[in-house]
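Shown next, in C-alpha coordinates, is the structure this report addresses.
This chain uses plain numbering: 1 for the first residue, then up along the sequence.
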Amino acid sequence: MVQDTELTAALLRQHMEDNAMDKDKIRKGVRLILEGVGEDITREGLVETPNRIASMYEELAAGYTDDAAKHLQTKFHVEDNDMVMEKDIHFYSFCEHHMLPFYGTAAVAYIPDGEIVGLSKIARTIEVFAKRFQLQERLTAQVADTFMEELAPQGVMVLVEAEHMCMTMRGIKKPGTKTVTVVTRGVFDDNEKLQNRFYRMLERR
(Lines give C-alpha, C1' and ligand atoms only; values in the text may rest on other atoms or scores of the structure.)
Protein backbone atom coordinates (compact mmCIF):
# COMPACT_ATOMS: atom_id res chain seq x y z
CA MET A 1 0.00 0.00 0.00
CA VAL A 2 2.71 2.50 0.98
CA GLN A 3 4.86 1.72 -2.09
CA ASP A 4 1.83 2.08 -4.37
CA THR A 5 0.91 5.40 -2.75
CA GLU A 6 4.47 6.68 -3.03
CA LEU A 7 4.46 5.83 -6.74
CA THR A 8 1.11 7.56 -7.18
CA ALA A 9 2.42 10.65 -5.39
CA ALA A 10 5.52 10.75 -7.59
CA LEU A 11 3.43 10.42 -10.75
CA LEU A 12 1.10 13.16 -9.53
CA ARG A 13 4.01 15.52 -8.89
CA GLN A 14 5.28 14.89 -12.41
CA HIS A 15 1.77 15.37 -13.78
CA MET A 16 1.50 18.73 -12.00
CA GLU A 17 4.80 19.86 -13.48
CA ASP A 18 3.83 18.79 -16.99
CA ASN A 19 0.21 19.95 -16.93
CA ALA A 20 -0.18 23.53 -15.78
CA MET A 21 -3.76 24.70 -16.06
CA ASP A 22 -4.65 25.54 -19.65
CA LYS A 23 -7.28 28.28 -19.36
CA ASP A 24 -7.65 28.55 -23.12
CA LYS A 25 -8.85 24.94 -23.31
CA ILE A 26 -11.31 25.64 -20.52
CA ARG A 27 -12.70 28.64 -22.39
CA LYS A 28 -13.11 26.59 -25.57
CA GLY A 29 -14.80 23.80 -23.64
CA VAL A 30 -17.27 26.16 -22.00
CA ARG A 31 -18.17 27.67 -25.34
CA LEU A 32 -18.84 24.19 -26.76
CA ILE A 33 -21.07 23.29 -23.80
CA LEU A 34 -23.06 26.50 -24.13
CA GLU A 35 -23.51 25.93 -27.85
CA GLY A 36 -24.34 22.28 -27.19
CA VAL A 37 -27.26 23.13 -24.91
CA GLY A 38 -28.57 25.59 -27.51
CA GLU A 39 -27.33 28.91 -26.12
CA ASP A 40 -26.22 31.94 -28.08
CA ILE A 41 -22.65 32.50 -26.89
CA THR A 42 -22.66 36.01 -28.34
CA ARG A 43 -25.42 37.36 -26.13
CA GLU A 44 -24.47 39.86 -23.45
CA GLY A 45 -24.84 37.63 -20.42
CA LEU A 46 -22.65 34.86 -21.87
CA VAL A 47 -19.89 36.66 -23.72
CA GLU A 48 -17.59 36.72 -20.68
CA THR A 49 -18.79 33.42 -19.19
CA PRO A 50 -15.92 31.33 -20.63
CA ASN A 51 -13.40 33.76 -19.11
CA ARG A 52 -15.20 33.76 -15.78
CA ILE A 53 -15.29 29.97 -15.61
CA ALA A 54 -11.63 29.65 -16.61
CA SER A 55 -10.70 32.01 -13.77
CA MET A 56 -13.00 30.16 -11.40
CA TYR A 57 -11.40 26.79 -12.14
CA GLU A 58 -7.98 28.31 -11.54
CA GLU A 59 -9.14 28.71 -7.93
CA LEU A 60 -11.51 25.76 -7.46
CA ALA A 61 -9.22 23.21 -9.16
CA ALA A 62 -6.00 24.55 -7.67
CA GLY A 63 -5.30 21.12 -6.17
CA TYR A 64 -3.87 19.97 -9.49
CA THR A 65 -0.97 22.39 -9.15
CA ASP A 66 -0.41 21.88 -5.42
CA ASP A 67 1.33 19.03 -3.62
CA ALA A 68 -0.41 17.98 -0.39
CA ALA A 69 2.79 16.44 0.95
CA LYS A 70 4.59 19.78 1.18
CA HIS A 71 2.09 21.04 3.75
CA LEU A 72 3.11 18.27 6.15
CA GLN A 73 6.86 18.67 5.83
CA THR A 74 7.29 21.15 8.70
CA LYS A 75 7.10 19.08 11.88
CA PHE A 76 7.46 19.73 15.60
CA HIS A 77 8.82 17.28 18.16
CA VAL A 78 6.57 16.33 21.08
CA GLU A 79 6.93 14.14 24.15
CA ASP A 80 3.22 13.34 24.45
CA ASN A 81 1.89 10.97 21.79
CA ASP A 82 -1.79 11.38 22.60
CA MET A 83 -4.43 11.62 19.89
CA VAL A 84 -4.71 14.88 17.93
CA MET A 85 -7.99 15.66 16.17
CA GLU A 86 -9.15 18.46 13.92
CA LYS A 87 -12.83 18.32 13.00
CA ASP A 88 -15.53 20.35 11.24
CA ILE A 89 -13.13 21.13 8.41
CA HIS A 90 -15.36 22.48 5.64
CA PHE A 91 -14.46 21.66 2.07
CA TYR A 92 -15.84 21.92 -1.46
CA SER A 93 -15.01 19.54 -4.27
CA PHE A 94 -16.28 18.29 -7.65
CA CYS A 95 -17.63 14.85 -8.43
CA GLU A 96 -15.63 13.48 -11.33
CA HIS A 97 -18.64 11.61 -12.73
CA HIS A 98 -20.91 14.60 -13.35
CA MET A 99 -18.63 17.59 -12.64
CA LEU A 100 -21.10 18.79 -10.02
CA PRO A 101 -20.06 19.96 -6.54
CA PHE A 102 -20.04 17.92 -3.39
CA TYR A 103 -19.31 19.58 -0.10
CA GLY A 104 -19.29 18.94 3.61
CA THR A 105 -16.94 18.49 6.52
CA ALA A 106 -13.98 16.32 7.35
CA ALA A 107 -12.33 15.17 10.57
CA VAL A 108 -8.77 13.93 10.89
CA ALA A 109 -7.26 12.30 13.98
CA TYR A 110 -3.78 10.92 14.32
CA ILE A 111 -1.59 9.53 17.05
CA PRO A 112 1.89 11.06 16.73
CA ASP A 113 5.08 9.08 16.90
CA GLY A 114 7.16 11.92 18.31
CA GLU A 115 6.20 14.55 15.73
CA ILE A 116 3.18 16.73 14.99
CA VAL A 117 2.26 19.29 12.33
CA GLY A 118 0.65 22.71 12.63
CA LEU A 119 -3.12 22.51 12.87
CA SER A 120 -3.68 24.64 9.78
CA LYS A 121 -1.69 22.11 7.75
CA ILE A 122 -4.30 19.43 8.44
CA ALA A 123 -7.01 21.54 6.83
CA ARG A 124 -4.63 22.55 4.05
CA THR A 125 -3.99 18.91 3.17
CA ILE A 126 -7.71 18.25 2.80
CA GLU A 127 -8.10 21.38 0.69
CA VAL A 128 -5.45 20.25 -1.80
CA PHE A 129 -7.20 16.95 -2.49
CA ALA A 130 -10.66 18.53 -2.46
CA LYS A 131 -9.70 21.01 -5.18
CA ARG A 132 -9.61 18.30 -7.83
CA PHE A 133 -12.26 16.27 -9.60
CA GLN A 134 -12.79 13.58 -7.04
CA LEU A 135 -14.55 10.60 -5.58
CA GLN A 136 -15.31 11.04 -1.90
CA GLU A 137 -13.90 7.59 -1.19
CA ARG A 138 -10.62 8.48 -2.88
CA LEU A 139 -10.41 11.86 -1.17
CA THR A 140 -10.73 10.22 2.25
CA ALA A 141 -8.04 7.64 1.50
CA GLN A 142 -5.66 10.20 -0.03
CA VAL A 143 -5.72 12.31 3.13
CA ALA A 144 -5.06 9.30 5.35
CA ASP A 145 -2.27 7.92 3.16
CA THR A 146 -0.53 11.29 2.89
CA PHE A 147 -0.48 11.60 6.66
CA MET A 148 1.01 8.14 7.00
CA GLU A 149 3.69 8.85 4.41
CA GLU A 150 4.74 12.34 5.41
CA LEU A 151 4.21 12.40 9.17
CA ALA A 152 4.72 8.70 9.92
CA PRO A 153 2.33 8.67 12.89
CA GLN A 154 1.33 5.55 14.78
CA GLY A 155 -1.98 5.76 12.98
CA VAL A 156 -4.58 8.05 11.41
CA MET A 157 -8.35 8.04 11.02
CA VAL A 158 -10.26 10.23 8.57
CA LEU A 159 -14.02 10.77 8.31
CA VAL A 160 -15.67 12.75 5.52
CA GLU A 161 -19.37 13.62 5.39
CA ALA A 162 -20.70 15.34 2.30
CA GLU A 163 -23.75 16.18 0.24
CA HIS A 164 -23.46 15.49 -3.49
CA MET A 165 -25.27 17.72 -5.93
CA CYS A 166 -25.40 14.86 -8.44
CA MET A 167 -27.84 13.21 -6.01
CA THR A 168 -29.77 16.29 -4.92
CA MET A 169 -30.32 18.32 -8.11
CA ARG A 170 -30.41 15.50 -10.71
CA GLY A 171 -31.00 11.77 -10.86
CA ILE A 172 -32.68 10.53 -7.71
CA LYS A 173 -33.12 14.12 -6.40
CA LYS A 174 -32.87 13.56 -2.64
CA PRO A 175 -31.81 16.87 -1.02
CA GLY A 176 -30.12 16.56 2.35
CA THR A 177 -28.75 13.07 1.69
CA LYS A 178 -25.25 12.72 3.16
CA THR A 179 -22.51 10.29 2.23
CA VAL A 180 -20.08 9.26 4.97
CA THR A 181 -16.69 7.69 4.29
CA VAL A 182 -14.18 6.53 6.90
CA VAL A 183 -10.59 5.39 6.46
CA THR A 184 -8.28 4.02 9.15
CA ARG A 185 -4.56 3.41 8.99
CA GLY A 186 -1.96 2.08 11.40
CA VAL A 187 -3.03 1.55 15.01
CA PHE A 188 -6.60 2.60 14.18
CA ASP A 189 -7.07 -0.47 12.01
CA ASP A 190 -9.28 -3.02 13.77
CA ASN A 191 -8.87 -1.15 17.10
CA GLU A 192 -12.40 -0.63 18.32
CA LYS A 193 -11.27 1.24 21.44
CA LEU A 194 -9.40 3.88 19.44
CA GLN A 195 -12.16 4.15 16.87
CA ASN A 196 -14.77 4.67 19.60
CA ARG A 197 -12.59 7.37 21.12
CA PHE A 198 -12.45 9.06 17.73
CA TYR A 199 -16.26 9.06 17.49
CA ARG A 200 -16.65 10.36 21.06
CA MET A 201 -14.30 13.26 20.33
CA LEU A 202 -16.16 13.89 17.09
CA GLU A 203 -19.46 14.28 18.97
CA ARG A 204 -18.16 16.73 21.57
CA ARG A 205 -19.10 20.36 21.15
Common cluster, [X]/[Y], ILVMFWY with side-chain heavy-atom separation under 4.5 Å:
{"X": "V30", "Y": "M99", "result": "yes"}
{"X": "L46", "Y": "L32", "result": "no"}
{"X": "L119", "Y": "V158", "result": "yes"}
{"X": "L151", "Y": "V78", "result": "yes"}
{"X": "F188", "Y": "L72", "result": "no"}

Is there a donor-acceptor contact under 3.5 Å from the side chain of [X] to the main chain of [Y]?
{"X": "E163", "Y": "G176", "result": "yes"}
{"X": "S55", "Y": "R52", "result": "no"}
{"X": "T74", "Y": "G118", "result": "no"}
{"X": "Q136", "Y": "V160", "result": "yes"}

- Query: Is a salt bridge present between E127 and R124, judged by a nitrogen-to-oxygen distance below 4.0 Å?
  - Reply: yes
- Message: Looking at R185 and D189, is any side-chain nitrogen of the basic one under 4.0 Å from a carboxylate oxygen of the acidic one?
- Response: no
Can you see which heavy atom on [X] is nearest to which on [Y], and at what distance?
{"X": "A109", "Y": "F198", "result": "CB-CD1, 3.5 Å"}
{"X": "A54", "Y": "R27", "result": "CB-CG, 3.9 Å"}
{"X": "N191", "Y": "L194", "result": "OD1-N, 3.0 Å"}
{"X": "A107", "Y": "L202", "result": "CB-CD1, 3.4 Å"}
{"X": "A144", "Y": "V183", "result": "CB-CG1, 3.6 Å"}
{"X": "T168", "Y": "P175", "result": "CG2-CA, 3.6 Å"}

Are any non-hydrogen side-chain atoms of [X] and [Y] less than 4.5 angstrom apart?
{"X": "Y92", "Y": "F102", "result": "no"}
{"X": "L135", "Y": "E96", "result": "yes"}
{"X": "L100", "Y": "H164", "result": "no"}
{"X": "Y103", "Y": "M165", "result": "yes"}
{"X": "Q134", "Y": "F129", "result": "yes"}
{"X": "V182", "Y": "T140", "result": "no"}
{"X": "I41", "Y": "V47", "result": "no"}
{"X": "P153", "Y": "P112", "result": "no"}

Roughly how far, to the nearest 0.5 Å, is [atom2] of [Y] from [atom1] of [X]?
{"X": "E58", "Y": "K23", "atom1": "CD", "atom2": "NZ", "result": "4.0 Å"}
{"X": "N51", "Y": "D24", "atom1": "CG", "atom2": "CG", "result": "9.5 Å"}
{"X": "I126", "Y": "H90", "atom1": "CD1", "atom2": "NE2", "result": "11.5 Å"}
{"X": "E59", "Y": "M21", "atom1": "CD", "atom2": "CE", "result": "10.5 Å"}
{"X": "R204", "Y": "M85", "atom1": "CZ", "atom2": "CE", "result": "9.0 Å"}
{"X": "F133", "Y": "H97", "atom1": "CZ", "atom2": "NE2", "result": "12.5 Å"}

- Message: Counting neighbours of CG on D190 that are heavy atoms of other residues, nucleotides or ligands and sit closer than 6.0 Å, is the number greater than 12?
- Response: no
- Task: Check whether more than 12 heavy atoms from other residues, nucleotides or ligands sit under 6.0 Å from atom CE of M56, and answer yes or no.
- Result: yes
- Checking side chain to side chain contact (heavy atoms under 4.5 Å, CB included) for the pair F94/Y57: CA distance, chi angles, key distance, verdict? CA-CA 11 Å; F94 285 99; Y57 275 120; 4.2 Å; yes
- Message: Apply side chain to side chain contact (heavy atoms under 4.5 Å, CB included) to residues K70 and V128 and explain how you reach the verdict.
- Response: CA-CA 10 Å; K70 74 179 182 182; V128 171; over 6 Å; no
- Any pair with a residue in residues 75-88 that passes side chain to side chain donor-acceptor pair (under 3.5 Å), sequence neighbours left out, goes on the list, sorted by first then second residue, please. D82-R197, D88-R205
- Query: Which pairs with one or both residues in residues 31-40 pass side chain to side chain donor-acceptor pair (under 3.5 Å), sequence neighbours excluded?
  - Reply: E39-R43, D40-T42
- Which one of H71, R132, K131 satisfies the side chain to side chain donor-acceptor pair (under 3.5 Å) criterion with D66? H71
- Query: How far apart are the C-alpha atoms of F76 and V117, what are their side-chain angles, what is the distance that settles it, and do they pass the side chain to side chain contact (heavy atoms under 4.5 Å, CB included) test?
  - Reply: CA-CA 6 Å; F76 307 95; V117 293; 5.7 Å; no
- Look at the aromatic rings of F147 and Y110 and report parallel, tilted or perpendicular, splitting at 30° and 60°. tilted
- Item | Contacts of type side chain to side chain contact (heavy atoms under 4.5 Å, CB included), residue K174, not counting sequence neighbours | I172, T177
- Derivation of the side chain to side chain contact (heavy atoms under 4.5 Å, CB included) call for V143 and V108: CA-CA 8 Å; V143 173; V108 178; 4.0 Å; yes
- What do the steps show when you test Q142 against D145 for side-chain hydrogen bond (donor to acceptor under 3.5 Å, both in side chains), and what is the final call? CA-CA 5 Å; Q142 286 175 328; D145 290 337; over 6 Å; no
